[in-house]
Amino acid sequence: MSPVPSLSAADLARIDASLQATDQLLDRNYPGDDGSRQPVHTVYVPADRFTPDLAADWGRQALAAAEAHGGLERLGTLLGQDGGLAAAVAPRVAAKLAAEPIEDLRLDFEDGYGNRGDETEDADAVAAARSVATAVAAGTAPPFIGIRFKCFEEATRARGLRTLDLFVSTLADAGELPFGLVLTLPKVTTVDQVKAMDFAVGRLEAAHSLPAGRLRFEVQVETPQLILGADGTSPVARLAHEIPGRISALHYGTYDYSASLEIAAQYQSMEHPVADFAKEVMQLAVAGTGIRLSDGSSNVIPMGDGTEDAWRLHGRLVRRSLERGYYQGWDMHPAHLPSRFSATYAFYRQGLPAAAARLANYVSRTEGAVMDEPATARALANFVLRGVVCGAVGADEVQALAGLDQSQLSALAHPRLAVSTSK
């Protein structure tokens with residue numbers, strides 16, 4: 001005898017109708033990650049110092065710094081890697097510094113550039129765009145590249161908008177915009193500033209016949225007002241829902257944020273409790289929205305007698321961020337690159353064997369020491385996929401350990417995307 005449910009078709013229809021708004025909210029505002037590459041870091045330089053060969057030059061300087069202190073393998077041991085891990089990481093870091101030393105580059109017209117007068121900044125904005133176009137055409141540009149312009153506070157708003165306009169317009173006039181173009185809005189204090197940015201890039205899209213949504217942008221979280229607003233709510237939690245699909249990432253600003261809370265300079269750090277609180281709020285605010293997160297930077301530069309201590313500090317901070325789910329950070333100097341990639345590669349290589357074994361068990365439905373849910377399987381696949389994409393581990397290693405190729409990893413990490421593309 002077939003079971004007879006108690007809920008009628010009318011009951012089910014009523015429930016569906018009552019949840020229609022919820023269904024629309026989840027579909028529109030919580031699409032999940034789009035499966036595209038996220039860089040492991042952002043490098044920023046004063047805009048007028050950019051040249052098409054800057055990335056390669058930074059790679060050479062980074063490798064020279066490591067070699068001057070015993071090489072990349074010794075650097076690995078300084079960062080706490082055992083002999084085998086350091087030996088496996090070092091050649092991969094060397095290859096990275098030779099082939100792709102900078103994954104994401106921001107030409108800075110804000111703090112790193114300063115106030116040089118309108119005539120000079122106008123000329124530099126146009127020159128920067130032309131240099132970026134040249135680098136992209138020559139194949140020497142990093143995969144992701146763009147500008148950070150001045151913030152939308154009253155004193156700098158017009159200047160920031162003009163620089164943004166000149167840069168984007170010059171790039172558009174030069175041809176198709178770079179695939180990895182990134183625009184960064186700094187020192188955001190209110191939701192209205194982000195909405196103003198949405199309007200500005202929308203107008204630029206219309207002016208240059210670009211598809212709607214082509215100009216996405218990052219928001220730098222550098223002020224306490226964005227974490228806790230005047231009304232007691234968290235403005236940062238509203239951003240994804242005020243302009244869904246327009247914001248690509250939130251970047252934590254270590255030093256502006258800490259200084260705003262009157263943290264003494266010597267204690268300003270990515271690991272200060274105020275930083276952890278802000279980043280946890282950011283992490284909650286964007287969960288499921290597809291907006292990425294980036295940690296800030298260390299201002300301790302590996303130079304002179306303090307080089308090795310600076311590397312130890314930077315490597316520890318990079319590892320700490322990765323363990324807390326921040327897969328990107330900011331770097332300020334070529335000598336930060338060896339510790340960035342060494343710590344990052346060690347993180348993924350150390351975690352690969354266990355993650356691959358759990359994935360293999362999950363896919364084959366074999367019982368193991370850990371019973372993983374689908375959500376955990378997604379996290380495992382995403383972890384391994386990030387390691388492959390950044391160069392920490394090889395696709396062949398993953399195939400050998402987990403029996404999965406990169407497309408299978410992507411399908412596990414982003415099942416919703418896999419379903420939508422298969423339709």
Side-chain angles (χ1 to χ4, degrees), residues 22-41 92 96 100 103-104 143-144 179-180 182 211 213-214 216 240 244-250 283-284 286-294 322-328 344-423:
T22 294
D23 295 339
Q24 291 173 346
L25 173 71
L26 292 174
D27 185 62
R28 180 171 182 258
N29 292 29
Y30 295 95
D33 192 86
D34 65 5
S36 62
R37 177 183 181 183
Q38 181 179 8
V40 302
H41 70 161
R92 289 184 174 273
K96 183 71 169 181
E100 193 181 73
E103 293 195 0
D104 182 26
F144 302 91
F179 176 78
V182 189
R214 173 64 179 85
R216 301 181 72 200
R246 183 67 89 173
I247 299 170
S248 59
L250 301 182
Q283 202 165 28
L284 285 169
V286 302
T289 66
I291 295 175
R292 267 80 180 268
L293 295 168
S294 175
L322 290 167
E323 290 178 356
R324 284 159 175 76
Y326 271 70
Y327 298 103
Q328 185 176 351
T344 299
Y345 283 16
F347 172 74
Y348 288 113
R349 294 197 67 82
Q350 281 181 302
L352 176 63
R358 289 171 68 178
L359 277 173
N361 289 340
Y362 178 83
V363 171
S364 65
R365 301 187 182 279
T366 301
E367 290 191 11
V370 182
M371 296 292 289
D372 288 316
E373 298 289 336
T376 303
R378 290 197 296 273
L380 289 166
N382 200 30
F383 170 85
V384 175
L385 188 61
R386 286 180 182 277
V388 172
V389 170
C390 76
V393 300
D396 57 333
E397 294 179 282
V398 177
Q399 181 74 55
L401 290 170
L404 300 170
D405 61 27
Q406 195 161 334
S407 64
Q408 291 170 311
L409 272 180
S410 297
L412 279 170
H414 309 289
R416 182 173 177 176
L417 183 65
V419 169
S420 65
T421 56
S422 66
K423 291 180 179 178

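Contacts of Phe383 classified as ring-ring contact (aromatic ring centres under 6.0 Å, His included), with partners at least two apart in sequence or in another chain: Phe347, Tyr348. Residues passing the side chain to side chain contact (heavy atoms under 4.5 Å, CB included) test with Gln283, sequence neighbours excluded: Leu293, Tyr326. With sequence neighbours left out, the salt bridge (Lys or Arg N to Asp or Glu O under 4.0 Å) criterion links Asp27 to Arg416. For Asp34, the salt bridge (Lys or Arg N to Asp or Glu O under 4.0 Å) partners two or more places apart in sequence, or in a different chain, are Arg292. Contacts of Glu323 classified as side chain to side chain donor-acceptor pair (under 3.5 Å), with partners at least two apart in sequence or in another chain: Arg319. For Arg246, the salt bridge (Lys or Arg N to Asp or Glu O under 4.0 Å) partners are Asp198, Glu205, not counting sequence neighbours.
We find the NE2-SG distance between His41 and Cys390 to be 10.5 Å, quoted to the nearest 0.5 Å. Between the OG1 atom in Thr376 and the CG atom in Leu359 there is a gap of 10.5 Å [rounded to 0.5 Å]. To the nearest 0.5 Å, the span separating OG1 on Thr289 from CG on Leu250 amounts to 7.5 Å.
Residues Pro39 and Glu103 approach most closely at CA-OE1, 3.2 Å, considering heavy atoms. The minimum heavy-atom distance linking Leu401 with Ala356 is given by the pair CB-CB, 3.6 Å. The two residues Pro143 and Glu100 make their nearest non-hydrogen contact at CG-OE2, 3.1 Å.
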